Amino acid sequence: MDNKERLNQHKEELAFLGKQIKSFLNTSTDVIQQLDEGLFAENTSQKERLSICFECDSYMKQRDLCKECGCMMRMKTKLNAAKCPLKKW
């Protein structure tokens, strides 16, 4: 791998990290605003959300991450206020 390829790889990794940070901030804000409704989703709701993620093309199974928001989906689907960036749940 030459320097140009390494630079492009690092740019992609930084862009993905930026997505993760933005998604974390958005989800954190949603959670804080909806604390009165409860922090965690019902177990059945979490399982439904996760099954939708498992079928999605943006889900990276090996890393349990969403390509769209960069979130760890086993954690995000548990949060009552969390939202799918593709509006699937």
Side-chain angles (χ1 to χ4, degrees):
M1 182 181 294
D2 65 11
N3 286 339
K4 188 174 182 178
E5 290 172 328
R6 275 192 224 118
L7 181 60
N8 285 335
Q9 183 180 3
H10 289 302
K11 284 181 182 179
E12 289 174 13
E13 290 172 359
L14 285 174
F16 189 72
L17 180 60
K19 277 186 183 182
Q20 286 180 304
I21 292 169
K22 183 179 177 182
S23 180
F24 175 77
L25 292 173
N26 289 338
T27 300
S28 298
T29 301
D30 290 342
V31 167
I32 290 167
Q33 290 174 346
Q34 295 183 12
L35 276 178
D36 59 328
E37 295 178 23
L39 183 59
F40 296 107
E42 295 288 327
N43 196 30
T44 54
S45 177
Q46 189 266 338
K47 287 180 181 179
E48 288 172 14
R49 290 174 170 188
L50 200 53
S51 68
I52 292 168
C53 294
F54 289 164
E55 298 299 319
C56 182
D57 291 337
S58 292
Y59 179 69
M60 297 186 291
K61 183 178 180 178
Q62 306 87 330
R63 298 173 70 192
D64 187 43
L65 294 176
C66 173
K67 290 178 188 175
E68 302 301 317
C69 64
C71 291
M72 293 183 290
M73 299 316 298
R74 290 184 197 277
M75 296 297 292
K76 184 174 183 174
T77 56
K78 291 181 180 182
L79 297 173
N80 204 21
K83 300 172 187 149
C84 170
L86 299 175
K87 301 189 185 334
K88 293 186 176 189
W89 48 264

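Index from 1, following the sequence. When reading the values below, keep in mind they use all heavy atoms of this one structure, side chains included, and skip hydrogens, waters and symmetry mates. Keep in mind that this is a model prediction, so the values were computed, not measured.
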Are the side chains of [X] and [Y] in touch, meaning some heavy atoms are under 4.5 Å apart?
X: Q9; Y: E13; answer: yes
X: C66; Y: P85; answer: yes
X: K76; Y: C53; answer: no

Is there a path of hydrophobic side-chain contacts, each under 4.5 Å between heavy atoms of I/L/V/M/F/W/Y residues, joining Y59 to W89?
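They do share one cluster, since a chain of ILVMFWY contacts under 4.5 Å joins W89 to Y59.
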ILVMFWY network linking F40 to M75, side-chain heavy atoms under 4.5 angstrom
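Each belongs to a different hydrophobic cluster.
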Between [X] and [Y], what is the shortest heavy-atom contact and its length?
X: A81; Y: D30; result: CB-O, 3.3 Å
X: K67; Y: D57; result: NZ-O, 3.8 Å
X: R74; Y: L50; result: NH1-CD2, 3.9 Å

Could you tell me the separation between the [atom1] atom of [X] and the [atom2] atom of [Y], rounded to the nearest 0.5 Å?
X: R6; Y: K4; atom1: CZ; atom2: NZ; answer: 14.0 Å
X: I32; Y: T27; atom1: CD1; atom2: OG1; answer: 11.0 Å
X: C56; Y: L86; atom1: SG; atom2: CG; answer: 5.5 Å
X: C71; Y: D64; atom1: SG; atom2: CG; answer: 10.5 Å

Give a yes or no on whether the backbone of [Y] and the side-chain of [X] come within a donor-acceptor separation of less than 3.5 Å.
X: S51; Y: E48; answer: yes
X: T77; Y: M73; answer: yes
X: E5; Y: D2; answer: yes
X: K78; Y: Q46; answer: no

Stepwise side chain to side chain contact (heavy atoms under 4.5 Å, CB included) test for N26 and K83
CA-CA 9 Å; N26 289 338; K83 300 172 187 149; over 6 Å; no
Does atom CE of M72 have more than 12 heavy-atom neighbours, drawn from other residues, nucleotides or ligands, at distances under 6.0 Å?
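No, because the 6.0 Å sphere around CE of M72 holds 12 heavy atoms or fewer from other groups.
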Just wondering, are more than 12 heavy atoms of other shown residues or ligands nearer than 6.0 Å to CZ in F24?
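Open.
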After noting the C-alpha distance and the side-chain angles of I52 and C84, does the key distance pass the side chain to side chain contact (heavy atoms under 4.5 Å, CB included) rule?
CA-CA 10 Å; I52 292 168; C84 170; over 6 Å; no
